[in-house]
S.K.: 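The structure follows.
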Amino acid sequence: MLELRDVAKSFGGNRVLNGISLTVERGEMVCLIGASGSGKSTLLRCINLLEPIDDGAVFLDGQDISEPGLNPDPVRRRIGMVFQSYNLFPHMTAEENVMLAPRRVHGKTREALRPQVTELFTRFGLADRMQHYPDQLSGGQQQRVAIVRALAMRPEIMLFDEITSALDPELVGEVLDVLRQLRSEGMTMVLATHEMKFAAELADKICFLDAGRIAEQGPPSQIFEAPQKARTRAFLSRVL
Amino acid sequence: MRRRSNIIAGVSTTLVVLAIVTLVPLAPGWAAVKKSFFNAEVFAQTFPRLVQAFLWDIAIFLWSVPLITVIALAIALARDTKNPALFPLKLFGILYTDIFRGIPVILVVYLIGFGIPGLGLPRPWNSPYIWGTVALVLTYSAYVAEIFRSGIESIHDSQRAAAASLGLSQSDTMRFVVLPQAIRRVVPANMNMLIALQKDVALLSFIGPVEVLRQAGVFKSLLANFTPYVGAALIFLSVTIPATRYADYLIARQRRERS
């Protein structure tokens, strides 16, 4: 469903992605692991066209979405993204945050959206938080609202950029539970994460990024229990 | 501790006021100054008419503000555009703000207020009220545009990224995500511009409108006394001091919210 071919990206003279090739099948959950600065976030931003790539190509259902001059908006509607720092709109209630894009992009009214949106909030335990503003919510609640906001566009694939890294430890669990739930519903997901246990438990595939390259990829059992590369072993020994 | 510092503040203020009240009348010219600047009789005679004339200042202010808001926002958006095809618009925005922030307000008032009616336009299009307003609006739009632009640029890129990732168009992102936050953030700065504008309406007195400063000038010539100017100053203060305090309150509240 998603395919990256030799994707390269530089910022100034700094080569952040150095020929990344990766495929994600429908319903799969792929976890990107690696040290800070290894290119995980940039890779996700390139998939969502927030950053133009310098070389290579990104295909979504066979369509080259990295073509220069392509209108990015319709592509982004098919790809949901959640950020490390939540990035909720602080001047809107949780419900307005979630409704804005469906209202503007799909031209639906608040009334038409309300049943679906209420259902989403309820599903993720936020039914009593719909009228709250972001600064009235805990970090974990804000991040769950951000996930609901992305889901309201009914994306085909979801990208998660270290979404638990900014959370207090006791709030990480509630956000990971949301991911578990999405996984069980069959959502296609790509995560950049430092939650190794979580990745080992749920991912179909782990990609270890090192200096802008995929140093090693495979099922969690291989990466975590029998890593082939010395670099992978060195990284895992530091984080596990 | 708090009480002690209040007492010190009270005592020192009283001493300073006493010194002014006793020392200033000892100056050799005080009697003459008192007679020509602080003449109670003249004050009572002219003050009601001055207040009436000040209604013009308020009216000019009130119809200028919406025009300034709209033009300033348009200029700010033009300067902020990243679309290369719209570069001429951006260039226009840059030139506009450079020019109108670079010329003294009074000069713009003279040039437009005398220059355009000089074209021989028919009534009412030769009115100094109209062209005076245009001069103020053009000048203040340049300053307010820069304030709006600073607000727009203060909104973190992550907000635009979040909006883009939802598939919102750039114009929707600006309209629903960036601008509402940006405008709120610069309310205190714009309050200060409004206070300055209220005072600068008096500059129109030089091209004709009989607003409060012009009216005071008329009384001065008529009565050979400067007290009407003091009256006009008091009228301005009665508006600008509360407005300044309110702006300070807004700034303080914003600082509290952000910390």
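The structure presented is a predicted model; accordingly, all values stated were derived computationally and were not measured. Here is how names work: the chains are called A, B, and so on, in the same order as the sequence lines, proteins then strands, and each is numbered from 1.
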S.K.: Among the options P90(A), G80(A), S85(A), pick out the one with the most heavy-atom pairs lying under 4.5 Å from chain B.
M.R.: P90(A)
S.K.: When you look at CH2 of W63(B), are more than 12 heavy atoms from neighbouring residues, nucleotides or ligands closer to it than 6.0 Å?
M.R.: yes
S.K.: How long is the gap from OG on S158(B) to CG on L50(A), to the nearest 0.5 Å?
M.R.: 11.0 Å
S.K.: Taking atom CZ as the centre, does F11(A) end up with more than 12 heavy-atom neighbours from other residues, nucleotides or ligands that are less than 6.0 angstrom away?
M.R.: yes
S.K.: Is the number of heavy atoms from other residues, nucleotides or ligands within 6.0 Å of CZ (R154(A)) greater than 12?
M.R.: no
S.K.: Contact between L166(B) and L100(A) at the side-chain level, heavy atoms closer than 4.5 Å - yes or no?
M.R.: no
S.K.: Calculate, to the nearest 0.5 Å, the distance between atoms OG1 and CZ belonging to T173(B) and F89(A) respectively.
M.R.: 7.5 Å
S.K.: With a 4.5 Å cut-off on side-chain heavy atoms, are V105(A) and D172(B) touching?
M.R.: no
S.K.: Would you indicate whether H106(A), at its atom NE2, is surrounded by more than 12 heavy atoms from other residues, nucleotides or ligands within a distance under 6.0 Å?
M.R.: yes
S.K.: If you tally heavy-atom pairs under 4.5 Å against chain A, which of R160(B), Q181(B), Q170(B) wins?
M.R.: Q181(B)
S.K.: What closest approach, in Å, do S165(B) and M81(A) show between heavy atoms, and which atom pair accounts for it?
M.R.: CB-CB, 3.9 Å
S.K.: How close do H91(A) and F176(B) get, heavy atom to heavy atom, and via which atoms?
M.R.: NE2-O, 2.8 Å
S.K.: Anything in residues 66-103 of chain B with a heavy-atom distance to chain A below 4.5 Å? Please list those residues in order.
M.R.: none
S.K.: Counting only non-hydrogen atoms closer than 4.5 Å, does L88(A) touch chain B with its backbone (N, CA, C, O), its side chain (CB onward), both, or neither?
M.R.: backbone
S.K.: With a 4.5 angstrom heavy-atom cut-off, which part of I79(A) approaches chain B: side chain, backbone, both or neither?
M.R.: backbone
S.K.: Taking M153(A), R104(A), R149(A) one by one, which has the highest count of heavy-atom pairs under 4.5 Å against chain B?
M.R.: R104(A)
